[in-house]
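This report refers to the structure that appears directly beneath it.
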Amino acid sequence: MNTIISLMKRNYKILLAIVFLSVTLFAFKMKSVSGDETDKDKLLLELLTFVIEKGHYSPATIDDNFSKGVYKDYIQALDPSKRFFLQSDIDEFAKYELELDDQLMNKDLSFFSLTYDRLMQRMKESQDVYKEILKNPFDYTIDESFNTDYEKAPYAKTNAELKERWRKQLKLTTLSSLTDRLKLQENKGKLSKEETDMLSNPTSTSDEDAVSETTKKDDSKAVIEVKSFEELEKETRTSTSKSLDEYFGFMKDLDRNDWFSVYINSITARFDPHTNYFAPEEKERFDVSMSGTLEGIGARLQKKNDYTEISELISGGPAWRGKELEAGDLIIKVAQGDDQPVDVVGMRLDDVVKKIKGPKGTEVRLTIKKVDGTIKVISIIRDVVEIEETYAKSSIVDKNGLKYGVIYLPKFYINFENKDGRDAGKDIAIEVARLKQAKVDGIVLDVRDDGGGSLSTVVDIAGLFIEQGPIVQIKSAGRKKEVLYDKDKKIEWDGPLVIMVNSFSASASEILAAAIQDYKRGVIIGSKQTYGKGTVQNVIDLNQFVRSNELGDLGALKTTTQKFYRINGGSTQLEGVSSDVVMPDRYSYLKMGERDVENAMPWDKIDPAEYSVWKSNENFNKAVLNSKERIAANPQFKLIDENAKWIDARSDENEYSLNIDKFRKAQAAIEEKAKKFKPIFDYKNNLKFTSLPHELEQMSKDNILKEKRERWHESLSKDIYIEEALNVLDDLQTRVNLKKNVIPANKLKKEKLAKS
């Protein structure tokens, strides 16, 4: 989940002790400066423990229990599927299980060095293993099975046992792919183009499986090339081998610093799930995710074997405006202005990105291998790029003679470096003003899957819907509580309001939902409860603690410095926000909240703030009751709940037969059961969503934006949850609105008949 970031990136009131004591670090830190990476690692360990102990809300005791937790998390992070380490390795590592606390305090890197060197050795050995296994066909007639519950699996005792584990894993991967290919051929002529496309790119039981194309498609139909069993079996091994080559190529790109970050984060996670270390590149990505802006060319890149491939152009960015780059182009060389180009083939993706990004107004020249095979040098002037998917967006919909607005907020973004930059608070205010101008009768604010962000933007957004008053309470260790208020008496929207949440709505989303719920200002509708993250983090630049750093960028630490509370005094920590109206979803029974995370901070409560409940809510209780009755009677929601129970039950099924007949029979049974739930995905609410006038004008000039909005509106038209949120807005209507938008009963009846 994204973090709640406090009102300033560096809250000096909270971190006063750290800043004051940092003089001590200036004195003794730089004695060891030699440029060696181990010196940097030791410096990082010392900085991290110092900053966490002084700044964390409730720092853990660094003792043997702490050491055991670090050991467990780190080993699991290095080899989660137990395909690299042998039991003898684990026995050797286990000698350090109770010593990591002492090593941390003594800046001892012996455990990390041992595990890193051993992992590199085992990974190299594994490459020879999978290549040897995939040389020869698998015998799918043998009656054997493989269990994918890696957590409960023991480590292999010998190389032969480890090789056997690899064999079974690869056999399962190829068997899954082979089964899909066989089904594709057997159903030749019976499948729609969409079904054919889906089967041509099946979801595998392994995250490393990539299926090669077995179809030749044009715009109207898919032609299946019939192949023998032997040919298809060979194809699955070839594609799996290629995918593993790419996987190990990616792993090769990771250097010692990347793995040391894994070790550090195994340490920070013992304080709480949201305290973690950002290496310099990760810190940069975090800043981009929070602000939604970057300086560069505006292209998303991905690794493709030794090449860097353009995967997408960001709408409005310089690469998009230039119209010379396109998805699928391969970057061969990069030059800064008139400098000599640097060959980037085989270079780490992060290093290629560093060379392409740069300050606004500077030139970068890319030598590109085009999709058609031609070579071209493209000059691009870097600029500020706004990542449109980060920002709030809105739509309008007509329903039974009433007009409603839907605002989707993906995160509570803010640009810490530029106070005049875009932030969620300002953007939501603009969207509300636009919807008011469009004369909507109600607003749905959708924060489903919104993992949080800036605390200040929550106060601004909640303040749009109330006259004035407290929004959230904050408590720091050893300090009195602080209450953040909306002090503006102006109400931007006083009409019917629904807030949509789900179990992935976290942190800032929960503050907003809690405030609206406590004021009884709007109806909270969604999952049984939200994620349950009730803590605030500060991002601390570690470079500020050293005076003349010759070791390079040290990155940053995100640490929990505060807890926030509802204005009624309760914490959202662990418990989240309970919806006024609970709608079943497909993940209702899976354990995915803060309460299911190890080391999560406890729930507690403080005194409530003084606030007055919203008075203009005469239909609130009726709207909630009506919605509950509709959901209870709705066959689609009943089917979703049944599907959720089935998904939960299937999550415990980890044993797969490697006999092709038994495997296909089991898959056929799953597919047959899944047919029952197909109506969930075929559902349409018969509502038409459209963009507001300003966006329609932009879409006429920007085909990428047009395509994105059309996809969003299509998803809304298939969304039963949005439909019910709009039904709640219907029930929240006052008599004034109903008179203004009255529909003759006979006309309404005809409309309902037409829809049915």
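Computed over heavy atoms, backbone and side chain alike; hydrogens, waters and symmetry mates excluded.
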Does the side chain of [X] come under 3.5 Å of the side chain of [Y] through a donor N or O and an acceptor N or O?
X    : Y    : value
E594 : Q573 : yes
Q121 : D117 : no
T141 : D139 : yes
Y656 : S145 : no
D641 : Y589 : yes
T275 : D272 : yes
R181 : S177 : yes
Q76  : D73  : no

Sub-4.5 Å side-chain heavy-atom contact between [X] and [Y]:
X    : Y    : answer
R664 : I660 : yes
S579 : Q529 : no
Y130 : T240 : no
I133 : K171 : no
D585 : S588 : yes
R709 : K393 : yes
T572 : T530 : no
Q185 : L232 : yes

Do any N or O atoms from the side chain of [X] and from the backbone of [Y] form a donor-acceptor pair under 3.5 angstrom?
X    : Y    : answer
N265 : Y277 : yes
D596 : G593 : yes
S243 : S239 : no
S717 : E714 : yes

Ion pair [X]/[Y], N-O distance below 4.0 Å:
X    : Y    : value
K411 : D450 : no
K638 : E642 : no
E144 : R167 : yes
E233 : R237 : yes
E132 : K135 : no
E125 : R122 : yes
D580 : K628 : no
K183 : E671 : yes
D350 : R285 : yes

Quiz item: What heavy-atom pair brings S505 and V447 nearest, and what distance separates the two atoms?
Solution: OG-O, 2.7 Å
Quiz item: Are F85 and F93 close enough that their ring centers fall under 6.0 Å?
Solution: yes
Quiz item: Is the ring centre of Y96 less than 6.0 Å from the ring centre of Y71?
Solution: no
Quiz item: Can K303 and E246 be said to form a salt bridge (Lys or Arg N to Asp or Glu O under 4.0 Å), step by step?
Solution: CA-CA 9 Å; K303 197 78 171 174; E246 292 177 354; over 6 Å; no
Quiz item: On the ring face of Y155, is K82 found with NZ or CZ under 6.0 Å from the centre and within 45° of the axis?
Solution: yes
Practice problem: Would you check, one step at a time, whether the test side chain to side chain contact (heavy atoms under 4.5 Å, CB included) holds for L658 with F663? | Solution: CA-CA 6 Å; L658 301 180; F663 183 85; 6.0 Å; no
Can you tell me how far apart [atom1] ([X]) and [atom2] ([Y]) are? Round to the nearest 0.5 Å.
X    : Y    : atom1 : atom2 : result
D79  : L119 : CG    : CG    : 7.5 Å
F637 : N643 : CZ    : CG    : 13.5 Å
I670 : K675 : CD1   : NZ    : 13.5 Å

Quiz item: Taking the six-membered ring for Trp, are Y587 and F504 parallel (under 30°), tilted (30 to 60°) or perpendicular (over 60°)?
Solution: perpendicular
Self-check item: Given W259, F111, Y263, the one that forms side chain to side chain contact (heavy atoms under 4.5 Å, CB included) with Y116
Solution: W259
